[in-house]
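Please read all numbers here as calculations on a predicted model, not as lab measurements. When reading the values below, keep in mind they use all heavy atoms of this one structure, side chains included, and skip hydrogens, waters and symmetry mates.
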Amino acid sequence: MPVRILVTDRVNPVGIALLEETPGFEVDVEPTLPPDVLRQRVGEYDAIIGRSATSITADLLQAGGRLRCIGRAGVGVDNVDMEEATRLGVAVINAPAGNTVAVAELFFGAVIGLLRNLGRADRSMREGRWDRSALTGTELKGKTLGIVGLGRIGSEVARRAHAFGMTLTAFDPYASDDRFQRNRAERAPTLEALMAGADVVTVHTPLNKETRGMIGATQLAALRDGSVLVNMARGGIIDEEALLAELAKERLRGAVLDVYSTEPLEGEHPFRDRPDVVLTPHLGASTMESQRNVAVDVCAGVRDFLLHDDLSRSLNVEVGGADTDALPAALRLARRAASIARALLSTRGARAVSALTLSTGNDFASAGPVLLSAAAAGVLENVVDAGRLNLINARQVASERGIELRLGSGSKAPHLRAIEVRVQAGDEEVRIGGVAPLDADPRLTRIADFHVDVTPRRTLMVLHNRDVPGVIGRVGTLLGNAGVNIAEYHQARMAQGGEALAVVTLDGPPPPEASAQLLELPDISRVTVVSFRGDD
């Protein structure tokens with residue numbers, strides 16, 4: 001079945017070509033379909049790629065039964081219901097770096113236009129006047145620039161501001177001291193302190209619950225006299241009514257707005273009547289270079305996700321600072337170890353998992369959250385609908401089922417690339433450990449108190465038995481008679497003649513009656529069979 005992708009809005013054709021050239025992909029380009037038409041058609045597609053004009057609502061996501069990925073050709077994803085996308089396991093991929101230069105250059109062009117009265121000068125000249133003396137402006141050199149949000153775009157603005165001889169201060173509680181140092185910006189302790197100390201204040205944050213209305217009457221009142229406020233991020237971050245009230249006091253130099261709470265801007269909006277406000281129609285990313293860059297970035301991200309399950313670009317997966325190239329084997333090990341643990345608990349009669357703890361060696365420390373997501377998916381396999389279960393929503397689904405998820409700490413791992421899961425169900429707990437080396441398949445190294453060495457692939461059978469002669473032969477004969485080939489057989493014991501554990505890798509699942517027949521053999525007390533998703 002081909003992978004079907006719908007491109008809506010106006011996405012640069014260079015990016016679309018990446019998808020059209022990929023074998024097995026079918027791409028339909030339908031710029032900005034009406035919401036009702038899009039909802040009727042969305043069930044036909046594996047992915048949607050668009051810009052800000054298409055709203056990806058909860059209803060739309062629910063209608064997309066086969067939808068796996070949303071691509072946003074730009075930075076902001078406020079037109080996407082992220083909570084519902086995460087719940088449904090739909091990856092959301094954007095293009096965070098493609099428009100940074102475009103926005104930074106527009107910022108300086110618009111601010112200089114305001115400070116040097118370029119709009120008024122142009123109008124006066126076209127009207128036949130020569131108002132040179134009335135159009136004296138202000139320079140950027142020596143002024144203080146306050147940046148709200150020191151991310152990619154904020155940092156790009158900072159670098160250029162130094163070329164103009166500006167002093168920098170920034171407010172970003174989520175940015176490291178190192179980022180402030182690299183941008184040669186002083187850290188403002190509060191947003192109000194930044195507003196009070198800057199000649200020009202510019203906003204470069206996403207629009208979310210925390211930032212909506214972040215700059216209101218209190219913050220605007222803190223602006224120093226003669227200052228300029230700029231918003232090229234998202235409408236709704238600045239309270240527009242409060243800004244109009246502050247501008248009416250005529251103590252500010254003015255404002256530059258490229259984004260608005262409602263777009264397009266209403267025809268009779270009061271901003272249009274203010275000569276101290278520079279208005280642009282959401283032009284931040286509107287350069288040929290930017291449109292090409294964001295289209296290529298997002299289309300490549302969607303392609304890699306659909307082809308390789310590459311979630312490194314997904315906004316609703318917490319990858320952290322992990323090396324994504326080294327993660328696939330570790331993710332597979334974490335998921336399979338948790339799946340084995342759940343199956344072993346189920347064999348004991350403990351089916352209601354209550355807690356999952358994941359611990360890692362140092363090499364995977366930064367990947368803890370995404371590995372915990374993989375382990376959560378392993379615990380939930382065969383318990384919930386696996387069709388929508390993945391790294392995106394596994395932790396949320398686990399939490400909804402009352403499973404406590406923890407990242408372990410404090411104990412020294414046996415290997416730098418070690419992974420261990422502990423799964424609890426009532427009073428029972430199972431511990432599974434393994435290693436995911438760089439140059440070989442991941443291997444299980446511990447099941448409960450037994451040390452093992454086996455690759456968890458295809459179908460795994462775990463036998464609890466007494467350490468007596470003949471057990472291995474009888475198991476092999478029974479499985480052979482059932483037409484099941486053994487790939488690996490590892491026998492572990494605590495002491496000679498005592499309790500033992502066998503881990504058997506099979507080339508395929510045994511027939512349903514095989515487990516009952518094995519339990520009839522002398523000295524075998526428990527049989528657990530686990531088949532892994534994604535293996536032939």
Side-chain angles (χ1 to χ4, degrees), residues 332-360 371-386 389 393-408 411 418-434 444-452 454 456 458-467 471 475 490-494 498-506 509-510 512-521 523-533:
R332 187 163 67 252
L333 176 61
R335 183 164 183 160
R336 293 185 175 184
S339 183
I340 295 166
R342 178 197 50 76
L344 290 171
L345 287 168
S346 181
T347 302
R348 297 182 193 175
R351 292 181 172 83
V353 173
S354 57
L356 164 65
T357 303
L358 179 132
S359 304
T360 71
L371 291 172
L372 184 58
S373 297
V379 162
L380 294 166
E381 280 181 3
N382 303 318
V383 176
V384 301
D385 177 15
L389 180 66
N393 62 358
R395 292 172 69 176
Q396 181 174 327
V397 174
S399 297
E400 289 172 353
R401 296 182 68 86
I403 300 173
E404 183 180 357
L405 303 177
R406 313 180 190 120
L407 282 171
S411 59
I419 292 171
E420 180 185 273
V421 298
R422 291 175 182 262
V423 181
Q424 291 176 261
D427 296 330
E428 299 280 350
E429 180 183 271
V430 170
R431 174 186 178 193
I432 309 287
L444 298 175
T445 57
R446 172 185 287 274
I447 294 180
D449 293 327
F450 294 95
H451 293 281
V452 300
V454 67
R458 295 192 179 179
T459 299
L460 201 71
M461 177 179 285
V462 181
L463 306 174
H464 288 77
N465 60 277
R466 287 181 57 235
D467 179 42
V471 173
V475 170
H490 185 97
Q491 179 84 2
R493 67 185 184 183
M494 304 298 293
E499 183 182 2
L501 180 137
V503 186
V504 189
T505 301
L506 307 176
E513 64 274 12
S515 293
Q517 293 170 354
L518 285 166
L519 286 171
E520 292 173 358
L521 295 176
D523 304 307
I524 292 181
S525 58
R526 285 202 302 271
V527 178
T528 304
V529 178
V530 188
S531 291
F532 301 113
R533 291 174 57 83

| query | Only one of Ile432, Leu501, Thr445 forms a side-chain contact (heavy atoms from CB on, under 4.5 Å) with Val452, so which one is it? | reply | Leu501
| query | Between atom CD of Glu499 and atom NE2 of His464, what is the distance when rounded to the nearest 0.5 Å? | reply | 6.0 Å
| request: For Met461 and Val527, run side chain to side chain contact (heavy atoms under 4.5 Å, CB included): C-alpha distance rounded to whole Å, both residues' side-chain angles, the deciding distance at 0.1 Å, then the answer. | output: CA-CA 7 Å; Met461 177 179 285; Val527 178; 4.3 Å; yes
| message | Give me the atom names and distance for the closest heavy-atom approach of Ser531 to Pro509. | response | OG-CB, 3.9 Å
| remark: Between His451 and Ala492 the two heavy atoms that sit nearest each other are O-CB, 3.4 Å
| field | Closest non-hydrogen atom pair between Ser525 and Leu519, with its separation | value | O-CD2, 3.6 Å
| Heavy-atom side-chain contact between Val379 and Val421 under 4.5 Å | no
| message | Set out, in order, the CA-CA distance, both residues' side-chain angles and the distance that settles side chain to side chain contact (heavy atoms under 4.5 Å, CB included) for Glu404 and Gln424, then state yes or no. | response | CA-CA 10 Å; Glu404 183 180 357; Gln424 291 176 261; over 6 Å; no
| query | If you take all heavy atoms of Glu381 and Leu389, which pair is closest and at what distance? | reply | N-CD2, 4.1 Å
| remark: The reported gap from CD1 in Ile419 to CG in Leu444 (rounded to nearest 0.5 angstrom) is 11.0 Å
| note | From the list Leu345, Ile340, Thr347, side-chain contact (heavy atoms from CB on, under 4.5 Å) partner of Val430 resolves to Leu345
| task | Working to the nearest 0.5 Å, report the span between OG of Ser354 and CD1 of Ile403. | result | 8.5 Å
| message | Are Leu405 and Leu358 packed together at the side-chain level, in the sense that at least one heavy-atom pair is separated by less than 4.5 angstrom? | response | no
| Min side-chain heavy-atom separation Phe532-Arg335 under 4.5 Å | no
| query | Where the side chain of Arg446 meets the backbone of Ala448, is there a donor-acceptor pair that is under 3.5 Å apart? | reply | yes
| query | Of all heavy-atom pairs between Ala334 and Ala374, which one has the smallest distance, and what is that distance? | reply | CB-CB, 4.2 Å
| Side-chain touch Leu506/Val529, heavy atoms, less than 4.5 angstrom | no
| query | Which residue, Asn465, Val475, Val503, Val504, forms the side-chain contact (heavy atoms from CB on, under 4.5 Å) with Gln491? | reply | Asn465
| query | Quick one: does Pro510's side chain get under 4.5 Å of Thr459's, heavy atoms only? | reply | yes
| query | Can you tell me how far the CD1 atom of Ile524 sits from the CG atom of Leu518, to the nearest 0.5 Å? | reply | 5.5 Å
| task | Would you check, one step at a time, whether the test side chain to side chain contact (heavy atoms under 4.5 Å, CB included) holds for Arg526 with Arg348? | result | CA-CA 8 Å; Arg526 285 202 302 271; Arg348 297 182 193 175; 4.1 Å; yes
| query | Can you check side chain to side chain contact (heavy atoms under 4.5 Å, CB included) on Val471 and Leu463, steps first, answer last? | reply | CA-CA 10 Å; Val471 173; Leu463 306 174; 6.0 Å; no
| When you measure from the side chain of Ser399 to the backbone N and O of Arg395, does any donor-acceptor pair fall under 3.5 Å? | yes
| request: Could you grab the distance from atom CG of Leu371 to atom CG of Leu333, nearest 0.5 Å is fine? | output: 9.0 Å
| How far apart are the closest heavy atoms of Ala375 and Ala338, and which atoms are they? | O-CB, 3.1 Å
| request: Could you tell me whether a side-chain N or O of Arg493 sits under 3.5 Å from a main-chain N or O of Asp467, the two making a donor and an acceptor? | output: no
